[in-house]
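This report refers to the structure that appears directly beneath it.
The chains referred to below are lettered A, B, ... by the order of the sequence lines, with proteins before strands, and numbering in each begins at 1.
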There are 2 protein chains.
Amino acid sequence: MTIKIIIADDHQLFIDGIKSILSKSLDIETIGEANNGLQVLKLLEEGLLPDVILTDIRMPIMDGVTLTKTVSKDYPNLKILALSMFDQTVDVIEMLDAGAKGYVTKNVDKTELDTAIHTIVKGDYFFSANLPEDIKDWFHKENNIANNQLLTKRETEILQLIVKGRTSLQMAKHLKLSKYTVDTHRKNIHKKLGIKSNTGLVNYALKHL
Amino acid sequence: MTIKIIIADDHQLFIDGIKSILSKSLDIETIGEANNGLQVLKLLEEGLLPDVILTDIRMPIMDGVTLTKTVSKDYPNLKILALSMFDQTVDVIEMLDAGAKGYVTKNVDKTELDTAIHTIVKGDYFFSANLPEDIKDWFHKENNIANNQLLTKRETEILQLIVKGRTSLQMAKHLKLSKYTVDTHRKNIHKKLGIKSNTGLVNYALKHL
DNA sequence: ATTCATATACCTAATGTTAGGTATATAAGC
DNA sequence: GCTTATATACCTAACATTAGGTATATGAAT
């Protein structure tokens with residue numbers, strides 16, 4: 001059975017290189033290519049039926065994250081494999097959140113790319129070996145939120161002040177508490193929601209409160 | 001000419017005290033009262049026509065900020081005077097942003113309250129003398145934004161990464177720059193937009209980008 | 001009485017942000 | 001050539017946040 005893929009990258013030379021490499025794989029066939037995310041969507045709308053989309057992240061007109069979100073929503077059977085120079089955890093997690101099933105960096109060898117494609121087609125996730133170990137935390141985070149830990153009344157109140165941009169000291173004065181108390185509530189909010197940054201909390205609150 | 005006011009505060013005793021004080025003013029008449037923001041809106045919908053609304057901030061069901069935003073939008077001729085125990089700059093600015101024309105704290109004497117009401121009816125802003133001096137910066141901020149300073153391409157790019165919750169170091173790695181460079185761009189963004197906090201930038205970006 | 005959840009409070013240290021200042025390089029416009 | 005805007009880079013210090021840990025008090029449920 002042939003695995004049909006589309007390659008999206010703004011560097012045509014890179015696309016050609018990957019096509020050449022994959023042409024040596026007996027069961028992988030490149031059926032399309034694009035230089036930005038929007039071109040991929042057009043190919044899909046015209047009826048092209050790939051199994052896997054290999055996509056760069058940083059592309060003009062529509063980047064890989066936006067493409068992944070759209071494809072995951074509109075074509076849920078399609079698998080997305082990110083192929084990118086970015087190797088930070090935050091980059092990987094952003095693609096996972098968008099719906100990607102795998103992530104490899106552009107410095108892996110052809111064997112690993114081959115393995116990646118086969119792995120995600122099989123239904124598993126795949127990450128190249130050079131990526132940080134803490135990507136695994138993403139799966140644990142899913143579990144924490146599944147446990148549905150609700151914020152207490154006070155925690156919700158603090159979160160609302162966080163969204164307004166208040167500092168801990170300002171909140172403490174507002175609520176007639178010690179700054180230490182506010183910081184403890186903040187710490188508990190971070191822990192309950194599995195979110196590490198203030199900005200992450202703001203974005204969460206805007207979506208859920 | 002009589003100035004007609006509504007008083008909103010969740011402490012009925014406080015309302016009664018203010019009514020009593022203002023009853024001694026020959027040209028001020030209390031025509032209504034409410035224990036939360038929603039009750040005020042109902043009074044207005046029933047046809048009550050005040051000149052000024054005296055409102056606390058911290059009230060159940062609908063707080064003073066939300067009330068002020070709604071009234072400023074739906075009844076633009078009405079003047080709002082905040083009467084609150086909160087005395088931090090951020091509290092005052094939040095009410096100004098919502099549309100209030102004045103702000104006095106609950107520990108001012110009756111003469112200052114009287115003056116506040118008359119001042120805002122006249123069309124000027126009024127702030128009790130015990131409030132921080134830097135409230136004046138709010139008026140300068142209006143000017144800065146009026147000058148319509150646009151962010152550069154790079155600044156916009158940084159702002160988008162800020163919204164995603166990236167740290168300066170992460171951005172630097174992503175963009176292949178020094179962290180110092182990213183920090184400098186951030187500093188310039190804060191300056192251009194007149195916004196001091198990261199969270200403020202996030203909220204700005206979500207509204208404008 | 002005991003346990004649990006919540007609220008309040010504290011301490012420490014590491015990391016991240018903000019704001020003041022400095023500087024050079026490049027490209028575009030005059 | 002000069003000026004301006006933008007990008008890049010650096011330094012310092014103060015402030016703010018995060019995360020690990022500690023503790024007590026209160027109210028509700030068992």
Side-chain angles (χ1 to χ4, degrees), chain A residues 58 88-90 93 132 134 137 140-141 144 147-205, chain B residues 58 88-90 93 132 134 137 140-141 144 147-205:
Chain A
R58 204 177 190 172
Q88 294 184 81
T89 301
V90 289
I93 285 175
D134 61 1
D137 294 343
H140 302 321
K141 187 181 116 188
N144 286 343
N147 284 347
N148 211 11
Q149 299 202 28
L150 296 179
L151 298 183
T152 62
K153 219 177 127 185
R154 190 56 115 183
E155 285 163 352
T156 301
E157 193 173 14
I158 299 279
L159 184 55
Q160 283 168 345
L161 290 171
I162 286 172
V163 170
K164 286 179 179 174
R166 303 288 174 96
T167 64
S168 288
L169 187 59
Q170 286 165 348
M171 293 182 216
K173 284 181 180 171
H174 195 87
L175 302 172
K176 309 263 188 264
L177 301 176
S178 155
K179 178 184 168 297
Y180 290 118
T181 304
V182 172
D183 285 341
T184 300
H185 285 306
R186 293 178 79 150
K187 181 169 52 178
N188 293 333
I189 292 167
H190 281 289
K191 193 166 178 184
K192 281 192 182 180
L193 300 180
I195 294 168
K196 295 192 171 190
S197 70
N198 198 57
T199 302
L201 293 185
V202 172
N203 285 322
Y204 171 87
Chain B
R58 204 176 192 176
Q88 294 183 82
T89 301
V90 289
I93 285 176
D134 60 4
D137 294 345
H140 300 325
K141 186 182 118 187
N144 285 343
N147 285 347
N148 210 12
Q149 298 202 26
L150 296 178
L151 298 182
T152 64
K153 220 179 126 186
R154 191 57 118 182
E155 284 163 354
T156 303
E157 195 173 12
I158 299 278
L159 185 55
Q160 284 167 345
L161 290 172
I162 286 173
V163 171
K164 285 179 181 176
R166 303 289 174 93
T167 63
S168 289
L169 188 57
Q170 287 168 346
M171 293 182 217
K173 284 182 179 170
H174 194 85
L175 301 172
K176 307 265 189 257
L177 300 175
S178 157
K179 178 182 168 299
Y180 290 118
T181 303
V182 171
D183 285 338
T184 299
H185 285 304
R186 293 179 79 151
K187 180 167 55 177
N188 292 335
I189 291 168
H190 282 288
K191 193 166 178 184
K192 281 191 181 179
L193 299 181
I195 294 167
K196 294 192 172 189
S197 70
N198 199 57
T199 302
L201 292 186
V202 173
N203 287 321
Y204 172 87

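- One can place CG of A:Leu151 at 13 Å from C1' of C:dT6, the figure rounded to the nearest angstrom.
- Here C:dG21 presents its C1' atom at 11 Å from NZ of B:Lys191, a figure rounded to the nearest Å.
- Looking at A:Lys196, its side chain never comes within 3.5 Å of a backbone N or O of A:His190 through a donor-acceptor pair.
- Checking B:Asp183 against A:Arg154, the closest nucleotide of DNA chain C that is more toward the 5' end is the one next to A:Arg154.
- No donor-acceptor contact under 3.5 Å links the side chain of A:Thr181 to the base of C:dC10.
- The minimum heavy-atom distance linking B:Arg186 with B:Met171 is given by the pair NH1-CE, 3.7 Å.
- If you measure from atom CG of A:Asn188 to atom C1' of D:dG21, you get 12 Å, rounded to the nearest angstrom.
- Nearest-nucleotide assignment on DNA chain D puts the 5′-proximal partner with B:Thr184, out of B:Thr184 and A:Asn198.
- If you measure from atom CG of A:Leu150 to atom P of C:dA5, you get 13 Å, rounded to the nearest angstrom.
- One can place NZ of A:Lys153 at 12 Å from C1' of C:dA7, the figure rounded to the nearest angstrom.
- A heavy atom lying under 4.0 Å from DNA chain D marks the following residues of residues 157-180 of chain B, by number: B:Leu177, B:Ser178, B:Tyr180.
- The nearest whole Å value for the distance from the NE2 atom in B:His190 to the C1' atom in C:dG16 is 12 Å.
- You'll find the side chain of B:Ile162 reaches within 4.5 Å of the side chain of B:Val202, heavy atoms only.
- Nucleic acid contact class of A:His185 (heavy atoms, under 4.0 Å, all strands): base.
- The CD1 atom of B:Ile189 sits 13 Å away from the C1' atom of D:dT6 (whole-angstrom rounding).
- The side chain of A:Lys196 lies closest to D:dA19, out of C:dA9, C:dT6, D:dA19.
- Considering only heavy atoms from C-beta on, B:Leu175 comes within 4.5 Å of B:Leu161 through its side chain.
- Each of D:dT17, C:dT18, C:dA7 was ranked by its minimum atom distance to the side chain of A:Arg186; first place goes to D:dT17.
- Residue B:Thr152 has a polar side-chain atom (N or O) positioned under 4.0 Å from OP1 or OP2 of D:dA7.
- Note that CG of A:Leu159 and CD1 of A:Ile189 are 5.5 Å apart. Values are rounded to the nearest 0.5 Å.
- A salt bridge links B:Lys179 to B:Asp183: at least one charged side-chain nitrogen sits closer than 4.0 Å to a carboxylate oxygen.
- The base of C:dG21 lies close enough to the side chain of B:Lys187 for a donor and an acceptor atom to sit less than 3.5 Å apart.
- If you take CD on A:Glu155 and OG1 on A:Thr184, they are separated by 10.5 Å, rounding to the nearest 0.5 Å.
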